[in-house]
Peer 1: 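Following this message is one structure expressed as structure tokens.
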There are 2 protein chains.
Amino acid sequence: MAITDASLVALRVFREVAERGTFTAAAVALGYTQSAVSRQIATLERAVGADLLERRHEGVRLTTAGQIVLRRAVAVAEQVEAAARELAGLPGAGGRVRLGWFTSAGTGLVPQALAELRRTHPAVTVTSREGSTPALIRALRAGSVDLAVIATEPPHRPPDTDGPPLRTRVLTDRSLMVAVPATHPLAGGSFVDVADLRGQEWIGGHSSGGERLMGVWPGLDERPVVAHVARDWLAKLHLVAAGCGLTTIPPVLAGMVPAGVRVLPVRGGPDEGRRMTLAWLYDPLPAPAARLAEALEAAAATGS
Amino acid sequence: MAITDASLVALRVFREVAERGTFTAAAVALGYTQSAVSRQIATLERAVGADLLERRHEGVRLTTAGQIVLRRAVAVAEQVEAAARELAGLPGAGGRVRLGWFTSAGTGLVPQALAELRRTHPAVTVTSREGSTPALIRALRAGSVDLAVIATEPPHRPPDTDGPPLRTRVLTDRSLMVAVPATHPLAGGSFVDVADLRGQEWIGGHSSGGERLMGVWPGLDERPVVAHVARDWLAKLHLVAAGCGLTTIPPVLAGMVPAGVRVLPVRGGPDEGRRMTLAWLYDPLPAPAARLAEALEAAAATGS
DNA sequence: GATTGCCATGACTTCTACTCATACCAGGTA
DNA sequence: TACCTGGTATGAGTAGAAGTCATGGCAATC
């Protein structure tokens with residue numbers, strides 16, 4: 001038994017696991033049971049003769065062997081897809097770029113860059129999808145996006161260590177802000193002191209495990225009171241406007257809040273810079289991806 | 001069912017069939033029965049949704065869809081092999097070239113070029129194998145050799161039409177000769193007239209179907225008398241020396257016949273030029289293959 | 001200490017992918 | 001014409017791969 005006896009299915013399953021980060025999520029995505037995924041991976045590991053994944057409580061991480069196999073599995077999948085396209089008489093993937101972006105890039109930066117790109121390079125076709133920063137990094141490594149706009153927070157270290165280092169370029173670098181109801185006592189000033197944030201009611205995001213809780217000012221020395229939970233920015237901001245509480249807001253969104261909301265910087269705490277970073281895996285970027293990268297940088301520059 | 005549901009085994013089988021030219025030969029090579037190969041191909045064709053092979057009485061030929069799938073199957077196999085090498089901690093295939101050569105290139109040209117190459121570029125590792133010209137062309141297309149020394153005869157047209165045209169370069173271009181026993185009446189002159197070849201006894205190669213019969217002068221207007229059959233050049237030439245008959249001999253071998261054999265040109269018939277041609281599939285050749293190609297050309301130039 | 005979110009595994013079932021034997025088909029030869 | 005040869009296809013049977021379900025174990029969190 002050797003890797004040559006692996007199956008395309010096993011490689012696809014492995015890639016999905018690498019992308020989703022857990023067997024369970026990969027199983028759901030593929031329409032299998034978790035147990036089927038577990039067995040596929042076990043079989044693949046037996047074929048390869050080494051562990052591909054390090055099982056940890058919050059999911060799995062690639063081992064060195066896993067990184068090798070993932071890279072090849074992605075290449076194999078690309079060949080198979082290319083064959084399918086050719087057989088269907090479709091054009092190659094030449095002018096296509098797949099972009100991933102994390103939520104707060106979706107309101108300004110990404111649409112703006114896409115509009116610009118369509119004007120300047122109409123031949124480039126972009127497909128895109130939203131995702132959390134860790135999910136996007138896994139997607140880059142799993143080859144399911146070519147380019148990703150991710151978020152980093154202080155201390156802005158390299159976002160993972162699971163393989164060849166990501167190439168990155170900082171798009172924007174500004175500080176987190178708070179959105180307060182216009183009727184709120186704090187709305188009067190031109191900034192908020194971090195001490196004033198104690199005891200406030202917050203409108204938070206889902207605190208689903210692993211991902212940090214969004215919406216509540218980080219580093220408060222108390223357990224925050226989360227009065228409302230919402231995933232959507234527009235909903236959150238309307239809740240703020242309705243006076244239901246405060247929420248944090250990335251600076252890129254500051255310009256597009258509804259009436260009844262004031263956005264203010266926060267002073268007196270540690271730096272809460274939020275970088276939007278463009279990330280990709282291998283240099284050089286293919287031409288269409290490079291065009292998109294330029295458009296994103298241009299949009300970041302004008303938007304700031 | 002789509003090509004994405006194909007299996008690595010099926011792709012490997014398909015590639016082997018493309019290389020061997022028949023299901024039966026592929027089955028033998030892979031240790032399967034012919035029926036297993038037939039079913040694998042049928043399944044793959046169903047998955048792809050098109051015929052991959054045109055069944056003909058003497059074997060199979062690739063259809064257009066088959067050419068597409070073969071190219072991708074080769075790329076997939078390369079990825080898998082690369083993964084295996086990486087996992088085993090071996091170096092990549094960087095400095096390796098796989099050469100194919102047809103029989104009469106094996107006595108002079110190939111060893112000479114390899115010796116020269118080892119001297120000038122010791123970092124290049126060459127593996128090589130013998131094969132008939134059609135087999136070598138299939139091997140090129142199946143990606144199992146990188147470079148091939150093949151033979152062509154008049155009218156020297158492109159050797160096949162099964163896919164992207166082969167790149168070629170002529171190495172040598174000389175005429176077929178006959179080897180006669182030194183004791184034979186014809187051995188006295190400095191050439192032989194084609195008319196004198198009638199009624200002679202010949203030492204032939206295996207006339208196994210498809211491949212043309214080697215050893216007997218082509219185009220005789222009689223059924224030749226094949227007194228002995230041998231595959232090996234040295235055996236053939238020793239049979240000639242023993243006075244058992246005549247045989248044809250490619251010019252590259254003229255200089256290395258044993259005592260008791262005379263090699264003579266033939267006049268009076270149509271041109272029986274025999275070209276040795278270097279062939280490969282995709283430009284540009286990777287560096288190590290290019291070095292080998294140069295060495296082969298140099299050897300061809302000095303040898304003539 | 002209970003709960004939650006992971007992965008592994010035993011028991012069972014289905015379906016895939018072999019083998020063997022045989023049929024079939026086209027060309028070449030007696 | 002009939003037969004042989006060298007090829008592919010296919011019916012029948014079987015072993016094993018690859019799913020599902022149900023359950024168990026483990027580590028972190030509340």
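Within every chain, numbering begins at 1; the chains are lettered A, B, ... in the order of the sequence lines, protein sequences first and strands thereafter.
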Peer 1: Calculate, to the nearest 0.5 Å, the distance between atoms CD1 and CG belonging to B:Ile41 and B:Asp51 respectively.
Peer 2: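 These two atoms lie 11.5 Å from each other.
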Peer 1: Tell me: CZ of A:Arg46 to P of C:dT9, nearest whole Å?
Peer 2: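 Value for this atom pair: 10 Å.
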Peer 1: Do A:Ser128 and A:Trp101 have side-chain N/O donor and acceptor atoms under 3.5 Å apart?
Peer 2: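 Side chains of A:Ser128 and A:Trp101: pair found under 3.5 Å.
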Peer 1: Among residues at least two apart in sequence or on other chains, which ones pass side-chain hydrogen bond (donor to acceptor under 3.5 Å, both in side chains) with A:Arg39?
Peer 2: none
Peer 1: Whole-Å distance between D:dA18 C1' and B:Leu8 CG?
Peer 2: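 Nearest whole value for this atom pair: 16 Å.
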Peer 1: Please name all residues satisfying side-chain hydrogen bond (donor to acceptor under 3.5 Å, both in side chains) with B:Glu58, sequence neighbours left out, ordered by chain then number.
Peer 2: B:Arg56
Peer 1: Distance check needed: C:dC7 C1' versus A:Gln40 CD, whole Å only.
Peer 2: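 Rounded to whole Å, this separation is 15 Å.
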Peer 1: Applying side-chain contact (heavy atoms from CB on, under 4.5 Å), name anything that partners A:Leu176, two or more places apart in sequence or on another chain.
Peer 2: A:Trp217, A:Pro218, A:Thr248, A:Glu272, A:Arg274
Peer 1: Could you list the residues that satisfy salt bridge (charged side-chain N to carboxylate O under 4.0 Å, His left out) with B:Glu130, not counting sequence neighbours?
Peer 2: none
Peer 1: Over how many whole Å does the gap from A:Glu58 atom CD to C:dC7 atom C1' extend?
Peer 2: 13 Å
Peer 1: Can you name the residues that form a side-chain hydrogen bond (donor to acceptor under 3.5 Å, both in side chains) with A:Arg85, not counting sequence neighbours?
Peer 2: none
Peer 1: For every nucleotide of nucleotides 21-28 of chain C, 5' to 3': is a protein heavy atom under 4.0 Å from its base (B), only from its sugar-phosphate (S), or from neither (-)?
Peer 2: B----SS-
Peer 1: Can you pull out the residues from residues 17-25 of chain A that lie within a 4.0 Å heavy-atom distance of DNA chain D?
Peer 2: none
Peer 1: Mind checking what makes salt bridge (charged side-chain N to carboxylate O under 4.0 Å, His left out) contact with B:Arg55, not counting sequence neighbours?
Peer 2: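 Listed in chain order: B:Glu45.
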Peer 1: Of the nucleotides C:dT9, D:dG19, C:dC18, which one has an atom closest to the side chain of A:Ser38?
Peer 2: C:dT9
Peer 1: Could you state the atom-to-atom distance from CZ of A:Phe14 to C1' of C:dC7 in whole Å?
Peer 2: 16 Å
Peer 1: What is the distance from CD of B:Glu45 to C1' of D:dT10, rounded to the nearest Å?
Peer 2: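 Between C1' of D:dT10 and CD of B:Glu45: 15 Å.
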Peer 1: Sequence neighbours excluded, which residues qualify as side-chain hydrogen bond (donor to acceptor under 3.5 Å, both in side chains) partners of A:Ser38?
Peer 2: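 Listed in chain order: nothing, the list is empty.
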Peer 1: Return all side-chain donor-acceptor pairs below 3.5 angstrom for residues 8-24 of chain B, not counting sequence neighbours, or 'none' if the list is empty.
Peer 2:
unit_1  : atom_1 : unit_2   : atom_2 : d
B:Arg12 : NH1    : A:Thr4   : O      : 3.0
B:Arg12 : NH2    : A:Thr4   : O      : 3.4
B:Arg15 : NE     : B:Ala142 : O      : 2.7
B:Arg15 : NH2    : B:Ala142 : O      : 3.1
B:Arg15 : NH2    : B:Gly143 : O      : 3.3
B:Glu16 : OE2    : B:Arg20  : NE     : 2.7
B:Glu16 : OE2    : B:Arg20  : NH2    : 3.0
B:Glu19 : OE1    : B:Ser144 : OG     : 2.7
B:Glu19 : OE2    : B:Arg129 : NH1    : 3.4
B:Glu19 : OE2    : B:Arg129 : NH2    : 2.7
B:Glu19 : OE2    : B:Ser144 : OG     : 2.7
B:Thr22 : OG1    : B:Ala25  : N      : 2.9

Peer 1: So if I take the C1' atoms of five pairs at each end of the helix from C:dG1-D:dC30 to C:dA30-D:dT1 and get each local axis, what angle do the two axes make, rounded to 10 degrees?
Peer 2: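 Result, rounded to 10 degrees: 10°.
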Peer 1: Would you classify A:Val60 as touching base, sugar-phosphate or nothing, given that sugar-phosphate means primed atoms plus P, OP1 and OP2, and contacts are heavy atoms under 4.0 Å?
Peer 2: sugar-phosphate
Peer 1: List the atom pairs, donor and acceptor, that lie under 3.5 Å between side-chain atoms in residues 27-37 of chain B and the rest of the protein, sequence neighbours left out.
Peer 2:
unit_1  : atom_1 : unit_2  : atom_2 : d
B:Thr33 : OG1    : B:Ala36 : N      : 3.2

Peer 1: Taking the side chain from A:Thr133 and the backbone from A:Ala151, do they hold a donor-acceptor pair closer than 3.5 Å?
Peer 2: yes
Peer 1: Would you indicate what A:Val9 reaches in the nucleic acid, counting non-hydrogen atoms under 4.0 angstrom: base, sugar-phosphate, or nothing?
Peer 2: sugar-phosphate
Peer 1: Given atom CG of B:Asp5 and atom P of C:dC15, what is their separation to the nearest angstrom?
Peer 2: 15 Å
Peer 1: B:Arg55 side chain: which of D:dA9, C:dT19, C:dA17 is closest?
Peer 2: D:dA9
Peer 1: Provide, to the nearest angstrom, the distance between the CD atom belonging to A:Glu54 and the C1' atom belonging to C:dC6.
Peer 2: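 So the two atoms are 14 Å apart, to the nearest Å.
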